[in-house]
Visitor: 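One structure is given below, represented as structure tokens, and several questions about it will come after.
Since the model is a prediction, treat every value here as computed from it, not as a measurement. Atoms considered below: every heavy atom in the structure, side chains included; atoms not considered: hydrogens, waters and symmetry mates.
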Amino acid sequence: MSHGIEVPLTPVPLGDGQDIDHSHVGWWQQWDGGAMDNFGNNGTLLPYSFVKPEEVTPYWTLAQNYTLGDRMFQANTGPSFVAHQYMIAGQSGKASENPSGGIWGCGAAPDARVPVVGPNGTDLPGVYPCFDYKTMADLLDARGITWRYYAPSPTSDSNYLISAYQAIRHIFFGPDWNNNVVSPETQVLTDIANGQLAQVTWIVPAWNNSDHPGAPPQGPDWVATIVNDIGQSPFWNSTAIFISWDDWGGWYDHVPPPQVDDMGLGFRVPVIVVSPYARHGYVSHVTHESGGFLRYTEEVFNLPSLGTRDSISDDFSDCFDYTQTPQRYVQIHTSHSREFFLHQKYSGLPDDD
């Protein structure tokens, strides 16, 4: 619905180049106090669109074989920079938008700023996009648990390094930056093949494979290639893979998100849980958010809570059945080979804008 008028959803190609407002301020307008009826994009009905299932076949195949969550909400009410902070820390230091300038984090120009959340859907004047709060990496380091964060390199995506730990001062200026933050992100395929997958891993795609408007329609193959490599490796029987998207992209949704604080929850995003212990062909109707990725990690490795959004998030326990016998992984068909991704040329475009 849009202001009480029925609007039919229309298909758009996965690689459609039309971007939609997905800022914090834009979210508030679209949400409209929970009415979910103000998604008009500069007078167009583009937000009322969908991608046909046949264009994202690898995603649907994974969802049908494992677990799909249909009540996975974005942790925050804004774009990618903030969302990625929630995926490593369960907070963003109140940052509400993407930073200005070409670098998101402690390597940014001195005049770079990131707005912070204000009252009633507003942004307040920004702060330098470099924070020093505790993250999941700190909990893992304290227990000697290995981790890596794979992200596009500054030379591949025009210094637009969408790497969440770049915005954490003690990580960016400490040994973890060189030891555990890995670029380019395609190195994960080589590390899996060499038996060097860390115990906890984040993987961020380059723009080419990001499903962002205007990107080539190869994101589903990129994700399936990583899952295929893990599925065919010795890591498979002890691995859980969470596939999700950092923000809603401005697209229409009809389910009002629960409001837990002044930063969220945001609109729904997909989540697919892949594991030999994931429930097969199961649709989770439990309310999830990305703080649950942190909560799950804390419980698996017996870590303390960060005391942020993780402390009130669900732990995805309904998505698993640890009594079932691990089954042999069945490869997902892709149209692009792993060699394609290992040797692809980067676009020079940012993952998000």
Side-chain angles (χ1 to χ4, degrees), residues 13-15 51-70 72 146 148-152 182 184-212 215-245 269-284 293 296 300 316 318-346:
L14 179 61
V51 173
K52 291 182 178 180
E54 56 264 30
E55 294 196 47
V56 289
T57 297
Y59 294 150
W60 280 112
T61 303
L62 288 167
Q64 290 163 353
N65 289 342
Y66 300 100
T67 290
L68 171 69
D70 69 355
M72 171 75 181
T146 61
R148 288 196 183 101
Y149 191 103
Y150 295 88
V182 180
E185 79 294 342
T186 51
Q187 179 65 34
V188 69
L189 300 176
T190 302
D191 287 350
I192 294 168
N194 291 336
Q196 296 175 345
L197 188 65
Q199 290 170 277
V200 178
T201 301
W202 294 264
I203 307 167
V204 180
W207 181 84
N208 310 52
N209 310 318
S210 68
D211 291 340
H212 193 277
Q218 58 202 35
D221 278 2
W222 161 248
V223 171
T225 296
I226 297 170
V227 178
N228 282 342
D229 276 18
I230 293 174
Q232 295 165 11
S233 77
F235 299 112
W236 171 243
N237 282 353
S238 60
T239 296
I241 302 169
F242 295 95
I243 303 164
S244 194
W245 286 254
V269 293
V271 67
I272 305 171
V273 182
V274 180
S275 170
Y277 298 102
R279 295 176 65 177
H280 299 290
Y282 171 68
V283 178
S284 171
F293 302 149
Y296 175 86
V300 167
F316 289 92
D318 73 300
C319 301
F320 295 92
D321 177 4
Y322 294 107
T323 66
Q324 63 189 9
T325 301
Q327 296 185 11
R328 177 179 173 271
Y329 179 76
V330 178
Q331 186 167 349
I332 303 298
H333 173 76
T334 64
S335 300
H336 297 83
S337 66
R338 71 188 304 273
E339 287 72 26
F340 169 84
F341 292 109
L342 285 170
H343 298 104
Q344 70 178 336
K345 292 183 179 180
Y346 283 100

Visitor: Are the side chain of Ser275 and the backbone of Thr239 linked by a donor-acceptor contact shorter than 3.5 Å?
Guide: yes

Visitor: Check whether any side-chain heavy atom of Val227 lies under 4.5 Å from a side-chain heavy atom of Tyr329, and answer yes or no.
Guide: yes

Visitor: Should Ile332 and Asn65 count as side-chain neighbours, where that means a heavy-atom distance under 4.5 Å?
Guide: yes

Visitor: How far apart are the closest heavy atoms of Pro220 and Val56, and which atoms are they?
Guide: CG-CG1, 3.9 Å

Visitor: Considering non-hydrogen atoms only, spot the tightest contact between Tyr296 and Ala240 and give its length.
Guide: OH-CB, 3.4 Å

Visitor: Looking only at heavy atoms, what is the nearest atom pair of Ser244 and Met72, with distance?
Guide: OG-CE, 3.8 Å

Visitor: Report the relative orientation of the aromatic rings in His336 and Phe340; use parallel for angles under 30°, tilted for 30 to 60°, perpendicular for over 60°.
Guide: tilted

Visitor: Using the test side-chain hydrogen bond (donor to acceptor under 3.5 Å, both in side chains), find all partners of Trp245 that sit at least two apart in sequence or belong to another chain.
Guide: Asp211

Visitor: Heavy atoms only: give me the nearest Thr190-Arg338 pair and the separation to one decimal.
Guide: N-NH2, 4.2 Å

Visitor: Answer yes or no: is there a donor N or O on one side and an acceptor on the other, between the side chain of Gln324 and the main chain of Pro276, under 3.5 Å?
Guide: yes

Visitor: Quick one: OG on Ser238 to CD1 on Ile230, what's the gap to the nearest 0.5 Å?
Guide: 10.0 Å

Visitor: Check whether any side-chain N or O of Trp236 sits under 3.5 Å from a backbone N or O of Gln327 as a donor-acceptor pair, and report yes or no.
Guide: yes

Visitor: Calculate, to the nearest 0.5 Å, the distance between atoms CZ and OG1 belonging to Phe341 and Thr334 respectively.
Guide: 7.0 Å

Visitor: How far apart are the C-alpha atoms of Val271 and Phe293, what are their side-chain angles, what is the distance that settles it, and do they pass the side chain to side chain contact (heavy atoms under 4.5 Å, CB included) test?
Guide: CA-CA 11 Å; Val271 67; Phe293 302 149; 4.2 Å; yes

Visitor: Run the numbers on Ile241 and Leu62 for side chain to side chain contact (heavy atoms under 4.5 Å, CB included), then give the verdict.
Guide: CA-CA 11 Å; Ile241 302 169; Leu62 288 167; over 6 Å; no

Visitor: What residues form a side-chain contact (heavy atoms from CB on, under 4.5 Å) with Pro234, not counting sequence neighbours?
Guide: none

Visitor: Using only atom types and a distance under 3.5 Å, with no angle test, would you say the side chain of His280 pairs donor to acceptor with the backbone of Tyr66?
Guide: no

Visitor: Side chain to side chain contact (heavy atoms under 4.5 Å, CB included) between Val204 and Glu185: does it pass, once the steps are laid out?
Guide: CA-CA 7 Å; Val204 180; Glu185 79 294 342; 5.8 Å; no

Visitor: Please walk me through it: do Trp222 and Thr186 pass side chain to side chain contact (heavy atoms under 4.5 Å, CB included)?
Guide: CA-CA 10 Å; Trp222 161 248; Thr186 51; 4.0 Å; yes

Visitor: For Gln199, is there any backbone N or O sitting under 3.5 Å from a side-chain donor or acceptor partner on Thr146?
Guide: yes

Visitor: Could you state the interatomic distance from CD (Gln331) to OG1 (Thr61), rounded to the nearest 0.5 Å?
Guide: 12.0 Å

Visitor: I need the Gln232 CD to Ile192 CD1 distance, nearest 0.5 Å.
Guide: 10.5 Å

Visitor: For the side chain of Arg148 and the backbone of Leu197, is there at least one donor-acceptor N/O pair under 3.5 Å apart?
Guide: no

Visitor: Just checking, any donor-acceptor pair under 3.5 angstrom between side chains of Asp191 and Tyr150?
Guide: yes

Visitor: Quick check: closest heavy atoms across Asp221 and Pro58, and the distance to 0.1 Å?
Guide: OD1-CG, 3.6 Å

Visitor: How long is the straight-line distance from CD of Gln187 back to CD1 of Ile203, given to the nearest 0.5 Å?
Guide: 11.5 Å

Visitor: Measure the acute angle between the ring planes of Phe320 and Phe242, then classify it against the limits of 30° and 60° as parallel, tilted or perpendicular.
Guide: perpendicular

Visitor: Within the 4.5 Å heavy-atom criterion, are Gln218 and Gln344 side-chain neighbours or not?
Guide: yes

Visitor: For Ala206 and Pro152, which heavy atoms make the closest approach, and how far apart are they?
Guide: CA-CG, 3.6 Å

